[in-house]
Amino acid sequence: MKAELLYEGKAKKVYQAKGQPGKLVLSYKNDATAFNGEKKATFVGKGRLNNEISSRIFEYLRDHGMESHFIEQLNETEQLVNKTEIIPLEVVVRNIAAGSITRRLGIEEKTHFYPPIVELFYKKDELGDPLINDEHAVLLTNITALELQQIKSKALEVNQELNKLFSKVGVQLVDFKLEFGKIKDDIVLSDEISPDTCRLWDKETEDKLDKDVFRQGTGDLIEVYEEILHRLEAKV
Ligand code: TMP
Ligand code: ASP
């Protein structure tokens, strides 16, 4: 299924799919990083869990009318996806205050946002992925102002669907990060949606069921990712 390795990121490897131009194989790794790669560790099973969880979520979104680059799960750690032209933005949607927004703006953790807040970060490791505004995004990337509006409204639609999904399984969707790409003139949801890229809190106990347990060293990453997968499998 795989041909040449095109790119290796912090959490995934990207291969050209053999004999299928326009398609890629994403291979999820067991590595975890935080703070722009400063903190690193390997967790046996993480690649499988993120692949399973991300596949279930992209399938759920597809069933609810939202396409993405995802085509199908191939095996425990790999997905077949459509190749997109990368847009170097991290699009973060926040329903509840946590993480960088609490430090940056002095907002108390757990403050609810309604309407949800959309933030844009410029994907550039050397700059530490800075927060940028809409004009910066149009200047620094290959998209128009109109396409940026499409990206933001798609991000809010994903938020609505994922809020419903996670709510059914007793999880609060605190915030999450999306990436988009382009296929010709279409804006396409891409990358992954997993506990690496979302903050997920148990609704009752507010226990963290995401990568914050690794970032903050407060829990067992594999245990909480397993918990998310089990809850999703019971529903999706
Ligand atoms: P932040 O509070 O650190 O800005 O993170 C917001 C959300 O984005 C959170 O769910 C974690 C996710 N995220 C990533 O997926 N990748 C990143 O590099 C960062 C900084 C955050
Ligand atoms: N993924 C980023 C890194 O490797 C940051 C994060 O998720 O906290 O540093």
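We count ligands from 1, going down the list as the structure has it; atoms in each ligand are counted the same way. For this chain, numbers begin at 1 and follow the sequence in order. No experiment lies behind these values; they were computed from the predicted model shown.
- A salt bridge links E119 to R104: at least one charged side-chain nitrogen sits closer than 4.0 Å to a carboxylate oxygen.
- For the pair R94 and ligand 1, a heavy-atom separation below 4.0 Å is found.
- Nearest non-hydrogen protein atom to atom 19 (C) of ligand 1 is E90 OE1, 4.2 Å.
- Classification of E179 and K123 as a salt-bridged pair holds, one side-chain N sitting under 4.0 Å from a carboxylate O.
- Not a single heavy atom of K211 sits closer than 4.0 Å to an atom of ligand 1.
- Salt bridge E226/R48: present, at least one basic N to carboxylate O contact under 4.0 Å.
- Geometrically, ligand 1 and S100 share a nitrogen or oxygen pair separated by less than 3.5 Å.
- Ion pair K12/D191 flagged as a salt bridge, since at least one NZ, NE, NH1 or NH2 atom sits closer than 4.0 Å to an Asp/Glu carboxylate oxygen.
- Distances below 4.0 Å separate heavy atoms of G99 from the following atoms of ligand 1: 2 (O).
- For ligand 1 and V92, the ligand atoms under 4.0 Å from any heavy atom of the residue are 6 (C), 8 (O).
- The contact set between ligand 2 and G37, taken as ligand atoms under 4.0 Å from a residue heavy atom, comprises 3 (C), 4 (O), 9 (O).
- Under a 4.0 Å criterion applied to the non-hydrogen atoms of A98, ligand 1 contributes the atoms 2 (O).
- Salt-bridge check for D196 with K177: failed, with every basic side-chain N at 4.0 Å or more from each acidic carboxylate O.
- Shown are V92, L131, L148; of these, the side-chain contact (heavy atoms from CB on, under 4.5 Å) with L120 is made only by L148.
- Nearest protein heavy-atom contact of atom 10 (O) of ligand 1 is D175 OD1, 2.5 Å.
- Contacts with ligand 2 closer than 4.0 Å are made by side-chain heavy atoms of R215 only, the backbone lying farther away.
- In this structure, the side chains of L189 and L178 come closer than 4.5 Å at one or more pairs of heavy atoms.
- Between D210 and K208 there is no salt bridge, since none of the side-chain N atoms of the basic residue sits less than 4.0 Å from a carboxylate O of the acidic one.
- When hydrogens are left out, the protein atom nearest atom 5 (C) of ligand 2 is F35 N, 3.9 Å; that is the closest non-hydrogen contact.
- T33 OG1, 3.2 Å is the protein heavy atom nearest to atom 3 (C) of ligand 2.
- Between N36 and ligand 2, at least one N/O pair is under 3.5 Å apart.
- Close contacts between ligand 1 and C198 involve ligand atoms 10 (O) [criterion: under 4.0 Å to a heavy atom].
- For T197, heavy-atom contacts with ligand 1 shorter than 4.0 Å involve the backbone as well as the side chain.
- Looking at atom 8 (O) of ligand 1, its nearest protein heavy atom turns out to be K177 CB, 3.4 Å.
- Taking a cut-off of under 4.0 Å to the non-hydrogen atoms of F176, the atoms of ligand 1 that pass are 10 (O).
- Using a cut-off of 4.0 Å between Lys/Arg side-chain N and Asp/Glu carboxylate O, R56 and E59 are scored as salt-bridged.
- There is a protein heavy atom closer than 4.0 angstrom to atom 12 (C) of ligand 1.
- Proximity of Y60 to K164: side-chain heavy atoms (C-beta onward) are separated by under 4.5 Å at one or more points.
- Here Q160 pairs with nothing under the side chain to side chain donor-acceptor pair (under 3.5 Å) rule; sequence neighbours left out.
- Residue-ligand proximity: D196 is placed with a non-hydrogen atom under 4.0 Å from ligand 1.
- Remark: among candidates R215, E179, R199, the nearest residue to atom 3 (O) of ligand 1 is R199, based on non-hydrogen atoms.
- The aromatic ring centroids of Y15 and Y7 lie 6.0 Å or more from each other.
- Residue-ligand proximity: R104 is placed with every non-hydrogen atom at 4.0 Å or more from ligand 1.
- A salt bridge links R199 with D175; the closest basic N to acidic carboxylate O contact falls under 4.0 Å.
- Only the side chain of K211 comes within 4.0 Å of ligand 2, judged by heavy-atom distances.
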